[in-house]
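So the structure is just underneath, and the comments pick up after that.
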Number of protein chains: 2
Amino acid sequence: MMEKEVMDKRHLRSIKTRQKLLEAAKEVFLEEGFQKATISQMIKKAEVGYGTAYVHFEGKEDILIVLMEDVMGKFYEIAEISFYPKSKEEAENIIHKQAYSFLKMAETERRMLQIFEQAIGISSAVSEKWKSIREKFIQRISKDISYAQENGLARKELNHELVARGWFFTNEMYLWDIVRNERQESVEEIAKTITAVYTRGLYL
Amino acid sequence: MMEKEVMDKRHLRSIKTRQKLLEAAKEVFLEEGFQKATISQMIKKAEVGYGTAYVHFEGKEDILIVLMEDVMGKFYEIAEISFYPKSKEEAENIIHKQAYSFLKMAETERRMLQIFEQAIGISSAVSEKWKSIREKFIQRISKDISYAQENGLARKELNHELVARGWFFTNEMYLWDIVRNERQESVEEIAKTITAVYTRGLYL
DNA sequence: CAAGGAATATGACATTATGTCAATAATATA
DNA sequence: TATATTATTGACATAATGTCATATTCCTTG
């Protein structure tokens, strides 16, 4: 039972138009960057009328958000890695793995993330989207720190939310650094180094 | 000997025009934000002709960069605090003080930094300017870590530049968080917490 | 199966910005 | 005073956005 079988011919056409627009938009974004990309370029490439773009999307920002949705999904997956360490060493392993996966995304999805970074500065809709990913991570890390504190693994005197935020911030900035191709060092080395400082700073 | 005495009447007029534009621009930026601020609003407020703005500046971005220059200066001062600790405790004190001063800037200069943050995303000129501040700090921190490592205060096995970057990133992100008014906690508490994790993670 | 109705698509248009430039005004200099 | 230099000006060309009345395409119902 493919969903498409059920559809109207015109609904189908609509979906196809939308799809053509998304594909064209992706190309245009990658070629021009977020700022310089224009609706006109997209509709030309998609071979549809100008107004059509506004039928399907609210504007450039909206299109980018849709294009980013699967990348978003991958971030959420990483945020959900389970965390029940029995020792400092085990904690370090899990944390390292998580940081590594997170930073690896920068390499895997570099091109789209570059566009996304540009858009974060410009579009508040995109920026909100990213903020929600960030808060998801911070909440999660915060919970993990609490768990470690309750189980006598981590320093209890530290405000877990502040620590979580600080730790995530380091990760996030390295993510963008890598996205911009500004780091020589391997993702592995970066992950190892920042995890080492963090775990030794927090754990007993 | 005031510089002004030396000037032509017309050079003086030019300086005044420029000044009027800068003051008007600041108001407009603060009222409208970077995106929505327009040259037209500024020249109207400054009571000069449209083209005049382009005689004195290359555009919105350029005006903002000039407006930010004294804030920049304050950042550079903080980056230059001297660092020759004799013990882990002394190091922690200096580092805490530096982090505190840095984050305090977020409160003191909040309004202009808000505009600056918006502009970083949009204008590559502004973004470059910020990047140079960031690199200045990272270089400096990097040197400080090396010093501590050579003097047997810090863990030698860690790549000092990677650690420096990570530490600065935490600070920077908290800076923007505070600028956005998104933190309840006091600057003092934030500085204390992140410094505690960092110094324990890095120092012996 | 034909006619009317609903969903889609279209591009001309009004709007709003930007940056340029030839003309004009103000001031300096010879 | 006449001429050169510098500063200012606003009209214009350009470019992008988002809207909307109209056209097209397909579905439904009598």
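First the proteins, then the strands, lettered A, B, ... as listed; each starts at 1.
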- Query: With respect to the phosphate group of dT8(C), does any side-chain polar atom (N or O) of Thr17(A) fall under 4.0 Å of OP1 or OP2?
  - Reply: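 Answer is no, no contact under 4.0 Å.
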- Would you say a side-chain N or O of Tyr54(A) is under 4.0 Å from OP1 or OP2 of dG18(D)? yes
- Sequence neighbours excluded, which residues qualify as salt bridge (Lys or Arg N to Asp or Glu O under 4.0 Å) partners of Glu90(B)?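 Once residues adjacent in sequence are excluded, Glu90(B) has no partner under the salt bridge (Lys or Arg N to Asp or Glu O under 4.0 Å) criterion.
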- Task: Answer yes when Lys131(B) and Glu128(B) have at least one side-chain N-carboxylate O distance shorter than 4.0 Å, and no when they do not.
- Result: yes
- Query: So what does Thr52(A) touch, heavy atoms closer than 4.0 Å: a base, only the sugar-phosphate, or nothing?
  - Reply: base
- Message: Both Gly51(A) and Thr38(A) contact DNA chain D. Which one's nearest nucleotide lies toward the 5' end?
- Response: Thr38(A)
- Query: Considering heavy-atom distances to DNA chain D, does Val48(B) or Arg10(B) have its closest nucleotide positioned more toward the 5' end?
  - Reply: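 Final value for this comparison: Arg10(B).
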Measure from [atom1] on [X] to [atom2] on [N] and round the result to the nearest Å.
| X | N | atom1 | atom2 | result |
| --- | --- | --- | --- | --- |
| Glu47(A) | dG11(C) | CD | P | 12 Å |
| Ile39(A) | dA15(D) | CD1 | P | 18 Å |
| Tyr50(A) | dA16(D) | OH | P | 9 Å |
| Phe34(B) | dA17(C) | CZ | C1' | 13 Å |
| Leu21(B) | dT8(D) | CG | P | 9 Å |
| Lys16(B) | dT8(D) | NZ | C1' | 16 Å |
| Leu12(A) | dA7(C) | CG | C1' | 14 Å |

- Ser14(B): what forms a side chain to side chain donor-acceptor pair (under 3.5 Å) with it, not counting sequence neighbours? none
- Message: Please compare Arg13(A) and Arg13(B) by the position of their nearest nucleotide in DNA chain C and report the one closer to 5'.
- Response: Arg13(A)
- Task: Check DNA chain D against residues 55-63 of chain B and give the residues with a non-hydrogen atom under 4.0 Å, in numerical order.
- Result: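 Of all residues in residues 55-63 of chain B, the ones placing a heavy atom under 4.0 Å from DNA chain D are Val55(B), His56(B).
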- Which word best sums up how the rings of Tyr100(A) and His96(A) line up, parallel for under 30°, tilted for 30 to 60°, or perpendicular for over 60°? parallel
- Message: Using a 3.5 Å distance criterion without hydrogens, assess whether the side chain of Arg140(B) forms a donor-acceptor pair with backbone atoms of Ile78(B).
- Response: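 No, the answer is negative, given that no donor and acceptor are paired below the 3.5 Å cut-off.
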- Backbone of Ser123(A) reached by a side-chain donor or acceptor of Ser127(A) within 3.5 Å: no
- Distance under 6.0 Å and angle within 45° of the ring axis: does Lys60(B) meet both against Phe34(B)?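 Cation-pi check for Lys60(B) and Phe34(B): passes.
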